[in-house]
Amino acid sequence: MTGTAVRAVSRTTAPARERLATYRLRLPLWWGWAAGLFVLYAVVSGRRHTLLRTTGYDLGIFEQAVRAYSQFRAPVAPLKGEGFNLLGDHFHPAIAALAPLYRLWPSPYCLLLAQAALLALAVVPLARWATRALGSGAGHAVAFGYGASWGIASAVAFDFHEAAFAVPLLAFSLTALGNQRWRLAVAWGLPLLLVKEDLGLTLAAVGAYIALNGPRRLGIATVCAGAAGTLLTTLVLLPAQSSTGTYAYGEYLQVDRGSLLAGLALAPLDALRPDTKAITVVLVLAVTGFVALRSPLVLIAAPTLGWRMLSQHDYHWGTAFHYSAVLMPVVFAALIDALTPYARTSDPLARRHLRASLAATVTVALVLLPSFPFALVAQRATWRTTAHVEAARDLLSRIPDGATVAASNRLAPQLTSRCTVVLFPGYPIPGKLYDASGQPPRPTADWIVHDRRPPESWPLPQGHWPYPLGRQLAELAAAQRQYGYELVAARDGLTLLRQRPLPYSR
């Protein structure tokens, strides 16, 4: 081959080599962030479980459902009540996808690590889009901002929830929307109907965006599919499995204002009162330095924020729990979309604005870190196993596999992989969800294990749950005095009781 030919081949293959080199450099960016975030999330949630900070409500409940799926049974969760089918509570058949993995590894850690993987996976499309649209530095900024965001931190630090499935689905769908890949956006959005009943409204919002900016027929069809999915699940499927024949959470959106007109007129004020609601909305937008407001993609957060702010349940209003996790991919996708025009120009002011916006995103994440659960990694108590935890492990190890156990809320998820577990004292009262009035039913479990030590409160209210400690201790005494339970062990505030072979009555 002549020198001229060699130079010609070299010039021809140079762009290909450059693309390959760029691909090799960029691929670790988003997958590297995903791997690192998975480790962080797994450590935080796994360590919380080891330290007895997880709960029967909700990790234990979800494990009972996934365990039932893995055994080809309906998702009945005894912690919610006798014969309680979780598909009559929330519509989340997507969690059945964990059944094969759980069958191989029947442990609450299986659910926690699956959640960590799902939440970490969402960084891949976001960081990839940011890198391609804004540059590699922006990819790192978006990955850090999303990965360290308070909405994800709060979800990681409170058990397992079906919302973990929605987070990567939304991230992929919104990335497709931002790149005008309309059919792909719908394909990623449709599985949201299997994650939770309210996410049909989010799918409808995706459809509305498409109808306004892309193929109108596809958008309208998606709106109809999302709205129909929510109506079908809340009006038909959930009531069909519920013991009350109704959608249990529908009452949370019912406000008696005397008339429909008054209710509609006061809805905007109700959405921002008390102040907790406004603070939450501000913090959702603050993670992007409020830049997300410049993109219409941010409106896809409206359905979730809407039902939460109008709910009568104060748990829905604040920054704790898992409710804000699905909002994080929305606002970060809106951030990328809003900044993309600034990256396409050579105007120095535009480039400066781009850098300032990304710096603000990183700064907000850093400022909020100490106030949310990722700060647990830096706390000495997170890495110290106390004598109380050791005592609990010892007592729990005395309960045989396959037994029925009535356990305190923080002890329940330590047993759900190998026992049939209900909450001690019995809750909820059968047929009355969240109704704590009246006397708990007579205990029938083989074992009772109770912890009188006050549990770590976050994110639950301070004190014992579901009943005050005095009432719980009274029920514990009644179990021995009236119901035929004998003391097996008592140590460091923990009590283990076993039912005598012969039944006793009052």
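Heavy atoms only: backbone and side chains are in, while hydrogens, waters and symmetry mates are out.
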Under 3.5 Å: donor-acceptor pair, side chain of [X], backbone of [Y]:
X: Ser408; Y: Leu411; value: no
X: Ser136; Y: Thr131; value: no
X: Asp58; Y: Phe160; value: no
X: Arg48; Y: Arg53; value: yes
X: Asp337; Y: Gly178; value: no
X: Gln312; Y: Leu310; value: yes
X: Arg67; Y: Thr416; value: yes
X: Tyr57; Y: Leu79; value: yes
X: Thr280; Y: Trp317; value: yes
X: Ser311; Y: Trp307; value: no

Heavy-atom closest contact ([X] atom, [Y] atom, distance):
X: Ala130; Y: Ile336; value: CB-CD1, 3.9 Å
X: Arg351; Y: Ala343; value: NH1-O, 2.9 Å
X: Thr319; Y: Leu283; value: CG2-CD1, 3.7 Å
X: Leu238; Y: His90; value: CD2-C, 3.5 Å
X: Ala171; Y: Ala122; value: CB-O, 3.5 Å
X: Phe332; Y: Ser149; value: CE1-CB, 4.3 Å

Rounded to the nearest 0.5 Å, what separation is found between the [atom1] atom of [X] and the [atom2] atom of [Y]?
X: Ile152; Y: Leu119; atom1: CD1; atom2: CG; answer: 5.0 Å
X: Arg344; Y: Leu354; atom1: CZ; atom2: CG; answer: 12.0 Å
X: Glu63; Y: Ile95; atom1: CD; atom2: CD1; answer: 11.5 Å
X: Ser173; Y: Leu184; atom1: OG; atom2: CG; answer: 8.0 Å
X: Leu169; Y: Thr202; atom1: CG; atom2: OG1; answer: 11.5 Å
X: Leu423; Y: Thr55; atom1: CG; atom2: OG1; answer: 9.5 Å

For a quick check under 3.5 Å, do [X] and [Y] share a side-chain donor-acceptor pair by atom type?
X: Ser324; Y: Arg308; result: yes
X: Thr233; Y: Glu197; result: no
X: Asp89; Y: Tyr249; result: yes
X: Thr276; Y: Asp314; result: no
X: Thr385; Y: Arg47; result: yes
X: Thr50; Y: Tyr109; result: yes

Side chains of [X] and [Y]: does their closest heavy-atom pair fall under 4.5 Å?
X: Leu113; Y: Trp105; answer: yes
X: Thr361; Y: Phe144; answer: no
X: Trp383; Y: Val377; answer: yes
X: Gln115; Y: Leu111; answer: no
X: Leu118; Y: Val167; answer: no
X: Pro413; Y: His49; answer: yes
X: Val76; Y: Leu86; answer: no
X: His140; Y: Leu29; answer: yes

Stepwise side-chain contact (heavy atoms from CB on, under 4.5 Å) check, Leu203 with Leu199: CA-CA 6 Å; Leu203 177 62; Leu199 289 171; over 6 Å; no

For [X] and [Y], take the angle between the two ring planes, folded into 0 to 90°, and tell me which bin it lands in: parallel under 30, tilted 30 to 60, perpendicular over 60.
X: His92; Y: Phe62; value: tilted
X: Trp188; Y: Phe172; value: parallel
X: Trp182; Y: Tyr209; value: tilted

Chi angles and distances behind the side-chain contact (heavy atoms from CB on, under 4.5 Å) call for Leu87, Leu237: CA-CA 8 Å; Leu87 290 179; Leu237 299 181; over 6 Å; no

Partner of Tyr323 under ring-ring contact (aromatic ring centres under 6.0 Å, His included), chosen from His316, His161, His313: His316

Chi angles and distances behind the side-chain contact (heavy atoms from CB on, under 4.5 Å) call for Phe374, Val44: CA-CA 7 Å; Phe374 288 150; Val44 171; 4.1 Å; yes

Worked verdict on Val39 versus Val43 for side-chain contact (heavy atoms from CB on, under 4.5 Å): CA-CA 6 Å; Val39 172; Val43 167; 4.2 Å; yes

